[in-house]
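Letters go in sequence order (proteins before strands), and every chain restarts at 1.
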Amino acid sequence: MKIRSVLLLISFMLFQVALFSQNNITVAGTVSDSEGQPLPGANVILKGTTTGVQTDFDGNYILTNVSDNGILIFSYIGFSPKEIDINGQTTINLTLQEDTNVLDEVVVVGYGELKVKDLTSSIVTVDSEVLDLAPVGQAMQAIQGRVAGVQIVNNGGPGQSPTVRVRGIGSYSAGASGPLFVVDGAFFDDIDFLNPSDIESISILKDASASAIYGVRAANGVVLIETKSGSHNQKPQITYDGYTGYQVPQNVLAMANAEQFTTLALESGSDPDAQFILNAMQRYGRSRVNPNIPDVNTDWYDEVMRVALIQNHSMGITGGSEDATYAIGVNYFEQGGLLKMKNEYERFNLRSKIDFKVNDWLKVGGNVVLSNATRYDAENSAWRLAYFAVPILPVFDPQLADNPDVFPTNYANAQDLGYRGGQNPFPTMDFSENREEIRNVLANFYAEVDLIPEKLKFKTAYNHNFESVNRREVRLPYFIGDNFQRVDANLLKRNITISNQIWDNTLTYTESFDKHNLTALAGTSFRDEAFDLLQARGLNFPLTGEESYFINLAQTIVQEDTFDGGAREFGFSYFGRLNYNYDNRYLLYGTFRADGTNKYQEKWGYFPTIGVGWVLTGESFMENNGIFDFLKLRGSWGELGNDRVPSSEGSITSEVVTTALGDIFFSGLNTSSDFTALKWEVTEEINAGLTARLLNNNLSIEADYYVRDTKDAVIPVLRPLIPGATRQNVGEIRNTGLEIAINWDKRVSEDFSYSVGGNFTTLDNEVLGLGGAEFLDAGSAEFRQRSIVGESIFAFFGREVIGVYQNDAQIQADPVAVANDLAPGDFIYRDINGDGDITDDDRTVLGSFLPSYSFGINIGFNYKNWDFSASGTGQGGNSILNRKRGEVIFTNDTNWDRDFAINRWHGEGTTNSYPSSAGIRKGWNQRLNNFFVEDGDFFRIQNITLGYTINKDGQLKGIPQVRIYATAEKPLTLFNYNGFNPEVADGIDNQTYPIPAVYTIGVNVKI
Amino acid sequence: MKKLFKRTKATTLIAGLLIVGIGCSDKLEEPELNNNFAGGTDFTKTEDMELSIIGVYEAFQSRGWEQPLLISVRGDDVNAGGLGDQQDFAETDLFNYNKDYWMYNSLWENVYVDVITSHTAMDQIMRYQELADDAGKALGDQYIAEAKVLRAIMLFHISQVWGEVFIPTSSDTAELFDVETVPTQEEVMQHISNQMDEAIPFLLDTHPNKREDLPGGVTLYTALAIKALANQELGNYQAVADAAGQIINSNEFSLFPDFYELFKIPGKLSDESILDMQYSDFGQGEGDREAHLYAPYGPQGWTPAVDGAASGWGFYEPSMKFIKFMLDRGETVRLETSVLFTDRGIAEIQTDPNYATLPAFVSNTTRDGDIINDYARALFASGKHYLPSNQLISGRTSYGSNKNYNIIRYAEILLVYAEALTQGASASGMTADQAVNLVRQRVGMSALSGVTLDQVIDEKFAELGMEWGKRYYDMIRLGRVNELSYDGRTFTEDKSFLPYPQAQVDQFPILDK
C-alpha cells in the first residue's frame, strides 16, 4: 500500500515535471549572415510541425506557443540550414553560413526532382534570371546560345516559335525533330502561348538517361518547364515588369540598283531583257544621272519594311501562408512585324496557381493558365517578291492612275514593261490579311498523399490543355493588269480545336539506411489527344469591312476547298525509376518505360536506360586535393522512341478527286498504289560526362560526349518511276558530339561580382544505313539533296566549281568546253571521276545544313546597384542553299542581289568564281554547284543588358525595389552569306523573314 | 488505426489505377481518323465502281502545262517562243538536249503516275466485280477497258518522246527494277495495239458525245483510233486502214463545219471529237473550275475585245516555215485558225519579197476582235490554243478558261486512213481521195485526185499543225529528217528521242546505256 502510494507520488511528480516540461513559450531572436548582416525572409520552423514564421526586414522573428524542448530549424535559400534545440531559451540569435555547395540545388527531372550532385545524366537548367534578360515573346528564344548542345533557329515573324534542336537531327521526317515540352506536367510541341516571365525554370534533358522517362516522345530531348509558385510563410510579393522598345530590320540584303540591273540585262545576251529596259525608259523616262537607265530606282526591301514596336507588361503576386502558397499573374505582350502590312502578335495571359496542404498527409494543388493571342501573319511571299522585283519598276505607276479599270490602287505592274509576272509585292501585301486567333486553356490539378511520411508518397495529376486556333485568310480583289488581278474576293476560314489530356499516377518510395540512399518511382500515364479541323472557302462576300468576312455572306462556296479533318491519339504508359547512391559517392540510376499508342501498326515500345556516376571528390584519396572542390564522372546508356513521325495509314487509301465531263462536275476516287506501315523510330544513346567545381566553387565545368543513333528512322523512299515517296522505317542516323560548358562566378567584394561563361558544342551527323540503298535522294531534282551512307543527312549534292573560263583560248583548249558550246564567263567544273566529260557522275557532297560547331559566350557583372551582361553566339560548318539565286532556273527576268551584280564575270580576269550575266541563264551554270551553296557561318552579339536597381537592399522604407534596364537584343550579326540572315533551319533559303534587332528599356518593380 | 485507414486507401487507389490501366489500353486499337481506308471499302456497292473510273479520267485530264509543250515543241510547225525564259526549253527546240532539265523529269513522272493510277483503279474495279452480279461484272469490264484505253494514250505519248520506255504491268512500280531490257518503241506500240484489241469487245459502240453516264468518255472508237495511231508508228498500214476504216464506216463521226470554231467553245465535244481532255467553268463566273493552264500558249500582250481577259506567257510560236507553207498553198481558214499574228510578225514575213502582199485575214486583230500587241518574246502565237475573249464566261479571266484540249479528232483519222492507203493498204470503204477531200472541202480547199503519199503528208501538216507534235513524229517515223533542219536548225536522226531524265537514270541504272 505504501509502496503504491510512493510510486503514485513519484509518477505524479514526474507527470508534473513532464507537464512542466511541455510548457509553451515564446522564442524570439535575429538571424544574420556570416558578415553580420540581417537576413530578412529566413524561415524559422518548429521541427516536425508546420508551425513557423519568416524573419522581417531586420532579420527578427518571434515564434509564440512553441514547446520549450522543441527544435527550431533555420533556413534560407543559398545558406546551409541549422537546427537549434530550444531548451527553454526565449532568445535565440544565430548566424547562417552561405551554402557554397550549389550541388545541393535541386533540379527538375521527369516526374520528380533530383539534387544536382546526384545526377548521372546530362541536364542543363536555365532559371528565370537568364530568361528575364531577353525581351522576347517566346521563351526558347531567350536561351539561344546559352546551352551547349541546343540549337535555336529563329523564325522572325511575330508570334512565331523558333526551331529547337537538341543534339542534332535524328529524324528525317519534317517537324519530327523537335523536343517534347512539358509544362507543369502537360505535353506540348510548342509553347508559344507561355509568357516567359511566368517561368521559374527550364530544364533541358539532353541525353537518353534523362529523357527516357518520357519514353516515346523523348527521342529529341525533353524541355521541362516549371511555372512560378509562391512559398510558404511569405508575405505577398507584388512584381511588375514592363519593357517597351522597337525592332529594327538587320542586315538588309542589298539588291542591284537600276544602273547595275541595266548592266546585267544588257550583258545577258537576251534581247527581250534589253527591250524591257527600253520599255521602262519609254514609260518612266530616262534618268538624269545616266541617260541610259530608266528614271526609276526602287529599293524594294526598303519600301516593304518598317521599324516595329514591341512592348510587354507583367504583373504577378506570389505569397503563402502556413498551409497554402499561391501565384497569380497577368501579362500583356505585343510585337509588331517588319512587313508593311497587318503583321503583328498580341497576347494576353492570366494564370493562377495554388498549392494547399489540407492536412499532414494530403496536399492538393491546381494551376490554370489562360492565354488569348491574336496573330496577324505576314504574307511571306512578299519577301520573295521583293527580292525578285526589278529596280526599274516604281511602286506606283502614275499612268495607271488614269486607267478607270485599275482599282483600288495604281501599283505598278512589271508586265507593262514586258515581264512575265507583275512582280510588285504591294498588291500581295495590301490586299491580303491572315489572322489567327489562338486561345489556350491549360489546367492542372494534382493530389499528393503521404502514405508513409517521409517514405512513401503517391501523387496523381491530371492535365488538360484545350486550344482553339481560328484562322481567317482574306484576299480582296484588285485590278492592275489583265494578268495581274484578283477577280474574286476570297475568304478562307479554318478552325482547329485541340484537346489534350494526360493523367499521371506515381508512387515514390524513399529510403535511407547506413550509407545507402534509395529512391524508387513507379507510375502510369494515360494520354488522350484529340484534334479537329474544319475549313471552308467562300468567294465574293461584301467588301464593307471586317463585319462581312463570313462564309455565310459569300456568294459562292468552293466545294473543293471544304475540308474536315480529325485525329485522335491515345497513349498508355508504364514507367519506373530507380535512383540509388552509396555514401553520395557511387551513383546508380535507371529508368524503364513501356509505351503503347494507337498511332502505328506496332503498338508497344520499350525504353530502358541506365546511368552510373562516381563522385571522386568523395573518395578519401581525393580529400584536400587542392584542385577540385567537386568532381564527378558519369556515364549513361538509354533507348528512346520518337512518335512525332506522322502516323501511318497501314493500308491503301483513297482520296476524293474532281473532274469535268461534258461540263458536268464529277467526283471520283483515286486509290493509292502503296501505303505506309510504320513502327517506332528508336534512338539509342551513350553519354559520358564530367561535372567539376574548382577554385572554391567559383569555376564550374560540365562536359559531355555523346553518340546518338536513330534506328528504324522513317525515311521517304522515292517511289520508282512516279513522283513522291513512301515512308519506311529503313534508315539509321548517327549524331555524335562534344558539349563543354565552363562558367566562372566570382564575388570579389560585397559591391562587385562578375561571371564569365562559355559553351561549345560540336555536332557530327552521319547516315549509317538506308535499308540497303547506298544513297537516298531528297529535295527537288534541280536542287538535289542526297543522304549518302557515311555522309551527313540531306547533304547538298552537286558539281564543284574550280574556276571560270576567262577567254576564247581557254575554251578552245578544253574539250569539255568545246563539246558543250561554252563561252567565257561559264563555270569550269571539276571532273571528279576523271572521264574527260562533265556529267552528273561528277557530283559530290557540297555541304550540310547542320552546323558542325556552335558556341555561346556570356559575361556579366554586378557593381553596387548596377548590373551588366552581354552574350554572344555563333555557329559554323553549315551550308545554306541560296534558293533565291537558284530561282533563275525557272524564270530569269527578275532582279539580282548586289553582290552578284558587282562581282559577276564581265571580262577577262574580273573574277574566277562568279559566272557572267549571260552565263547564269544557261543550264550549264545552273546545275546545283557550290556557287549556290554558301557558307552559313555566323557570329552574333546576342544580348547586351545594363540595369540599375533602386533600393536594392531594401534599406529605404516605403520605396519598393525598382530596377531600370536597357537591352539591345541581337544588335549585330556578322556573316558572309548573301541573304538576310544565316539562320535557315533546313538550309534552303527561300523567303525567310529577317530577324530584327530589338532595343528596349524596361522597369521591374518589386513591392 | 490511422495507418490501417491509409493502407486501405492505398490499396483502393492502386486497384483503381489497375482498372483504369486495363480499361484504357483498348483505346490503342483505335484506327486513324479521316482516312478513307480503301481496305474498308464496301465492295458490295457495285455502283461505287464508277468512282474509280472517274478517278482515272481525273488523272488523265490533269496535265501539267509543260507536258504538251515538251511533247510538241520540236516539230517544224512550232518554235519554243518565250524568248529569254526557260532557256533549256528553247534549246530543246534546237535539238540541244539537257537531261537535267526539270521539264523532262516532270513529263516522265507525271504521265507515269497517271498510268499507275489506271492500274490501281483497275485493281479496285476487279474487287467490286468479285461481289457483283452479271450486269455489274459487265459494267466492270467496260470500265476496265476504258482505263486501258486512257493508259494506252499516255504510254503512247511517253514512247513517242523517249522511244524505249517501261511498260508497267501492275501498280507496283518496284517490279520495274527487275526489268532486264527496256522495251523498244516497237514493242511498246505493239503492246498498245494489243491492249486496244483486248479492250474493244467491252467498250460502248457509240460516239463519245452520246454517252450519258460519262459524257465524252472513252468508247469503242477511241480504242480504234489509238490502235490506228499505234500501228501507224509500227508501219503496219493494213492494221491502220482497218481500224481507221471501222471508225469511218460507223458514220458516227463527221467533221465540224466551222474549222475556226472547232477549237473553241462551240467545238466542245463536237461530232468530230474522238478523244478530248475536258475542262469546264460549269457555266458560272466564279467558284468551282476544272482547268488546264493555257497561259503559256497565250500572247504576252493583247488588247482583248472583252476587258480584263488575261493574256499569256508567249511560248509556243508557230514557225515561219509553217506560215509560209500555208501561204503557198493558199490556205485561208486553216492559217487564220492556226496562227495569231502580230504586226511585228507580219512585218517579218514581208521582209521576204515573195510574201510582200498578204491576204486580209493576216492581221493582228482576230475575227473576234482581240488585238494581239507586239511583245518581245515571240512573233506569233498558236491559234488552236486560243480562246477569244468574248467566249469567256463573264467573271472568268484566265486565258483559255473552259476550253477543251483535243487529242484525237476525226480529221486526223481520215488522213491517217488516206496515208495508210497510199502506203499500200487496201481500203475497207472510202478511198484515199475521198478521205482527203472531205478534210479539204471543210476548209474551202479544192479537191485532189489520185493523192500521193507526199500530198497526204502535206495535208496533215496543214490540218494538224500545232497539235501534239503529230508533225514531228510523222517526220521521224517516215525518216524525213531534212524537213526538221529548218530555220537554222540541224537535225540528225540520233536526236529523235529525248535523253532519259537524270533523276530516272539515278533510279533505274538500266536506262543508262
Participant: Do A:Thr659 and B:Phe60 have side-chain heavy atoms sitting under 4.5 Å apart?
Facilitator: no
Participant: Distance check, rounded to the nearest 0.5 Å: B:Asn110 atom CG versus A:Ile722 atom CD1?
Facilitator: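 The CD1 atom of A:Ile722 is 10.0 Å from CG of B:Asn110, to the nearest 0.5 Å.
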Participant: Hey, which of B:Gln87, B:Glu286, B:Gln507, B:Gln502 has the most heavy atom pairs under 4.5 Å with chain A?
Facilitator: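 Looking at each option in turn, the highest pair count goes to B:Glu286.
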Participant: Could you tell me which of A:Gly923, A:Pro723, A:Pro272 has the largest number of non-hydrogen atom pairs under 4.5 Å with chain B?
Facilitator: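 Option with the top pair count is A:Pro723.
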Participant: First locate atom OG1 of A:Thr556, then atom CG of B:Asp288, and finally report the distance between them rounded to the nearest 0.5 Å.
Facilitator: 9.0 Å
Participant: Between B:Val113, B:Ile53, B:Leu269, who has the most heavy-atom pairs with chain A when the cutoff is under 4.5 Å?
Facilitator: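 Ranked by contacts with chain A, first place is B:Val113.
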Participant: Name the region of B:Pro168, side chain, backbone, both or neither, that has any atom closer than 4.5 Å to a heavy atom of chain A.
Facilitator: side chain
Participant: So, do B:Asp100 and A:Arg927 sit near enough that their side-chain heavy atoms are less than 4.5 Å apart?
Facilitator: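 B:Asp100 reaches A:Arg927 side chain to side chain.
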Participant: So which part of B:Ala121 gets closer than 4.5 Å to some heavy atom of chain A, the side chain, the backbone, both or neither?
Facilitator: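 Neither part, no heavy atoms under 4.5 Å.
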Participant: For B:Asp213, is it the side chain, the backbone, both, or neither that has a heavy atom closer than 4.5 Å to a heavy atom of chain A?
Facilitator: backbone
Participant: Tell me, do B:Trp108 and A:Leu721 make a side-chain contact under 4.5 Å, heavy atoms counted?
Facilitator: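 When only atoms from C-beta onward are counted, A:Leu721 and B:Trp108 do touch, with a gap below 4.5 Å.
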Participant: In terms of heavy-atom proximity below 4.5 Å to chain A, should B:Tyr101 be classed as side chain, backbone, both, or neither?
Facilitator: neither
Participant: Sort out for me which of B:Pro215, B:Gly55, B:Gly395, B:Ala376 touches chain A most, counting heavy-atom pairs under 4.5 Å.
Facilitator: B:Pro215
Participant: Would a distance-only check, ignoring hydrogens and angles, find a side-chain to backbone donor-acceptor pair under 3.5 Å from B:Thr120 to A:Thr671?
Facilitator: yes
Participant: Report which part of A:Val558 has an atom under 4.5 Å of a heavy atom belonging to chain B: side chain, backbone, both, or neither.
Facilitator: both
Participant: Non-hydrogen atoms of chain A under 4.5 Å away: do they reach the side chain of B:Asn402, the backbone, both or neither?
Facilitator: side chain
Participant: Within this structure, what is the CG-CG distance for the pair B:Leu83 and A:Asp893, rounded to the nearest 0.5 Å?
Facilitator: 12.0 Å
Participant: May I ask you to name which of A:Glu782, A:Gln555, A:Arg420 has the most heavy-atom pairs under 4.5 Å with chain B?
Facilitator: A:Arg420
Participant: Which bit of A:Asn540 is near chain B, if near means a heavy-atom gap under 4.5 Å: side chain, backbone, both or neither?
Facilitator: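 The side chain, not the backbone.
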Participant: What verdict does the side chain to side chain donor-acceptor pair (under 3.5 Å) test give for B:Glu290 and A:Thr658, after you've listed the backbone C-alpha separation in whole Å, the side-chain angles of each residue and the deciding distance to 0.1 Å?
Facilitator: CA-CA 8 Å; B:Glu290 297 291 331; A:Thr658 60; 2.7 Å; yes
Participant: Looking at A:Val657, A:Val656, A:Leu669, which one forms a side-chain contact (heavy atoms from CB on, under 4.5 Å) with B:Leu51?
Facilitator: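 Among the candidates, only A:Leu669 passes.
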Participant: Has the side chain of B:Thr173 got a donor or acceptor atom that lies under 3.5 Å from a matching backbone atom of A:Pro720?
Facilitator: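 Yes, because the side chain of B:Thr173 sits within donor-acceptor range (under 3.5 Å) of the backbone of A:Pro720.
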Participant: Return yes when atom CG of A:Asp821 has more than 12 non-hydrogen atoms of other residues, nucleotides or ligands closer than 6.0 Å, and no otherwise.
Facilitator: no
Participant: Is a side-chain donor or acceptor of B:Gln61 paired with a backbone partner of A:Ala660 at a separation under 3.5 angstrom?
Facilitator: yes
Participant: Against chain B, label A:Asp777 side chain, backbone, both or neither, depending on which of its atoms sit under 4.5 Å from a heavy atom there.
Facilitator: side chain
Participant: Which pair of non-hydrogen atoms, one from A:Asp663 and one from B:Tyr279, has the smallest distance, and what is that distance?
Facilitator: OD1-O, 3.9 Å
Participant: May I ask you to name which of B:Gln284, B:Arg377, B:Arg289, B:Arg396 has the most heavy-atom pairs under 4.5 Å with chain A?
Facilitator: B:Arg377
Participant: Out of curiosity, A:Lys922 NZ to B:Asn98 CG, how far, rounded to the nearest 0.5 Å?
Facilitator: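 Those atoms lie 12.5 Å apart.
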Participant: With chain A as the partner, which of B:Gly312, B:Pro304, B:Ser280 has the greatest number of non-hydrogen pairs under 4.5 Å?
Facilitator: B:Ser280
Participant: Go through the atoms of A:Arg784 and report whether side chain, backbone, both or neither lie under 4.5 Å from a heavy atom of chain B.
Facilitator: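 Interface part for A:Arg784: side chain.
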Participant: Return yes when atom NZ of B:Lys268 has more than 12 non-hydrogen atoms of other residues, nucleotides or ligands closer than 6.0 Å, and no otherwise.
Facilitator: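 Enclosed: over 12 neighbouring heavy atoms sit under 6.0 Å from NZ of B:Lys268.
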Participant: Heavy-atom distances under 4.5 Å only: say whether A:Ile664 touches chain B with side chain, backbone, both or neither.
Facilitator: both
Participant: Measure A:Asp488 against the heavy atoms of chain B and call it side chain, backbone, both or neither at under 4.5 Å.
Facilitator: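 For A:Asp488, the contact with chain B is made by the side chain alone.
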Participant: Name the region of A:Arg843, side chain, backbone, both or neither, that has any atom closer than 4.5 Å to a heavy atom of chain B.
Facilitator: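 Contact with chain B is through the side chain of A:Arg843 alone.
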Participant: Which bit of A:Gln485 is near chain B, if near means a heavy-atom gap under 4.5 Å: side chain, backbone, both or neither?
Facilitator: side chain
Participant: Can you say whether A:Phe276 sits under 4.5 Å from chain B via the side chain, the backbone, both, or neither, judging by heavy atoms?
Facilitator: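 Side chain only.
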Participant: Quick check: does any side chain N or O of B:Glu58 sit under 3.5 Å from a backbone N or O of A:Gly668, one acting as donor and the other as acceptor?
Facilitator: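 No, B:Glu58 side chain to A:Gly668 backbone: no donor-acceptor pair under 3.5 Å.
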Participant: For the interface with chain A, which of B:Phe508, B:Tyr399, B:Tyr57, B:Tyr375 has the highest count of heavy-atom pairs at distances below 4.5 Å?
Facilitator: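 Option with the top pair count is B:Phe508.
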Participant: Please assess B:Asp506 against A:Arg786 for the test salt bridge (charged side-chain N to carboxylate O under 4.0 Å, His left out), listing each intermediate value before the final yes or no.
Facilitator: CA-CA 12 Å; B:Asp506 283 344; A:Arg786 183 170 279 192; 3.3 Å; yes
Participant: Are the side chain of A:Asn483 and the backbone of B:Ser311 linked by a donor-acceptor contact shorter than 3.5 Å?
Facilitator: yes
Participant: Rounded to the nearest 0.5 Å, what separation is found between the CZ atom of A:Phe479 and the OG1 atom of B:Thr397?
Facilitator: 8.5 Å
Participant: For the candidates A:Ile557, A:Val487, A:Val888, which exhibits the highest count of non-hydrogen atom pairs separated by less than 4.5 Å from chain B?
Facilitator: A:Val487
Participant: Rounded to the nearest 0.5 Å, how far does CG of A:Asp482 lie from CH2 of B:Trp302?
Facilitator: 8.0 Å
